[in-house]
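Data block below; observations after.
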Amino acid sequence: QVQLVESGGGLVQTGGSLKLSCEASGLSFRRMGWFRQAPGKEREFVGVIMWSGGSTVTAESVKGRFIISRDSAKNTVYLQMNNLKPDDTAVYYCATSTTYYGTSRANFGSWGQGTQVTVSS
């Protein structure tokens, strides 16, 4: 059974916007987050949202440009990406965490399949 499904990736020009979605099913979690992985680089933290209360934490590299939100009724997390740059090009993954702390890969248990985001110069 598929538990996390991302959608919304694509090709966009520098300065453009894109909105990613990720729907969770059959999972119990306290947080949902977004990570990204560019070619030749390690997977890095982008942002996370507390399911109860909706507080968020975002990486310094995307502050002011990316907004994470949720729709609890739909078990869906969103990543609104604005003013995109070529350095944002990566495969974006959503993931769930059963804890309240930590932004490393080890703090998240279940992962989606990833969706490609490509920002052209």
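- At a threshold of 4.5 Å between side-chain heavy atoms, the hydrophobic network of Ile, Leu, Val, Met, Phe, Trp and Tyr places L79 and V62 in one connected group.
- The only member of V46, L20, T56 that meets side chain to side chain contact (heavy atoms under 4.5 Å, CB included) when paired with I68 is T56.
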### Task
Using the ring-ring contact (aromatic ring centres under 6.0 Å, His included) rule, take W34 and Y92 through it: C-alpha gap first, then chi angles, then the decisive distance, then the call.
CA-CA 7 Å; W34 290 95; Y92 283 71; 7.3 Å; no
### Candidate pair V117 and R36, rule side chain to side chain contact (heavy atoms under 4.5 Å, CB included), full reasoning
CA-CA 9 Å; V117 172; R36 66 186 182 185; over 6 Å; no
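- Atom CD1 of I49 and atom OG1 of T58 lie 11.0 Å apart (nearest 0.5 Å).
- In the hydrophobic clustering of this structure, W111 groups with V91; members are Ile, Leu, Val, Met, Phe, Trp, Tyr whose side-chain heavy atoms approach within less than 4.5 Å, directly or through other members.
- For the pair R43 and F35, the cation-pi test (distance below 6.0 Å, angle within 45°) is failed.
- With a 6.0 Å radius and a threshold of 12 heavy atoms from other residues, nucleotides or ligands, K63 has its NZ atom above the threshold.
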### Query
Run the side chain to side chain contact (heavy atoms under 4.5 Å, CB included) check on Q3 and T96 step by step: do they pass?
CA-CA 10 Å; Q3 295 181 299; T96 63; over 6 Å; no
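- Closest heavy-atom contact between P86 and S121: CG-OG, 3.8 Å.
- A pairwise comparison of heavy atoms in L4 and C22 identifies CD2-SG, 3.9 Å as the closest pair.
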### side chain to side chain contact (heavy atoms under 4.5 Å, CB included) between N107 and Y101, intermediate numbers included
CA-CA 8 Å; N107 298 130; Y101 308 101; over 6 Å; no
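- For T118 (side chain) and T89 (main-chain N/O), no donor-acceptor pair under 3.5 Å exists by modelled atom type.
- Here the closest non-hydrogen pair linking F29 and A24 is CE2-CB, 4.0 Å.
- The closest donor-acceptor contact from the side chain of R31 to the backbone of T99 lies under 3.5 Å.
- Put simply, F66 and V12 are part of the same group of oily side chains (I, L, V, M, F, W, Y) that touch within less than 4.5 Å, one to the next.
- Nearest heavy atoms, T98 versus S28: CG2-O, 3.6 Å.
- Put simply, the side chain of K85 reaches to within 4.5 Å of the side chain of R65, judged on heavy atoms.
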### Task
Evaluate side chain to side chain contact (heavy atoms under 4.5 Å, CB included) for S17 paired with Q80, printing each intermediate quantity in order.
CA-CA 8 Å; S17 297; Q80 176 65 54; 4.0 Å; yes
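- Hydrophobic clustering of Ile, Leu, Val, Met, Phe, Trp and Tyr side chains at less than 4.5 Å, counting indirect connections, keeps F45 apart from V77.
- Listed here is the closest heavy atom pair of F108 and V48: CZ-CG2, 3.9 Å.
- Distance check: L84 CG to S120 OG gives 10.0 Å after rounding to the nearest 0.5 Å.
- Among residues at least two apart or in separate chains, there is no salt bridge (charged side-chain N to carboxylate O under 4.0 Å, His left out) pair with a member in residues 4-24.
- Follow the hydrophobic side-chain contacts under 4.5 Å out from Y93 and you reach V57 in the same cluster.
- Side chains of N75 and M32 form no contact here, defined as non-hydrogen atoms less than 4.5 Å apart.
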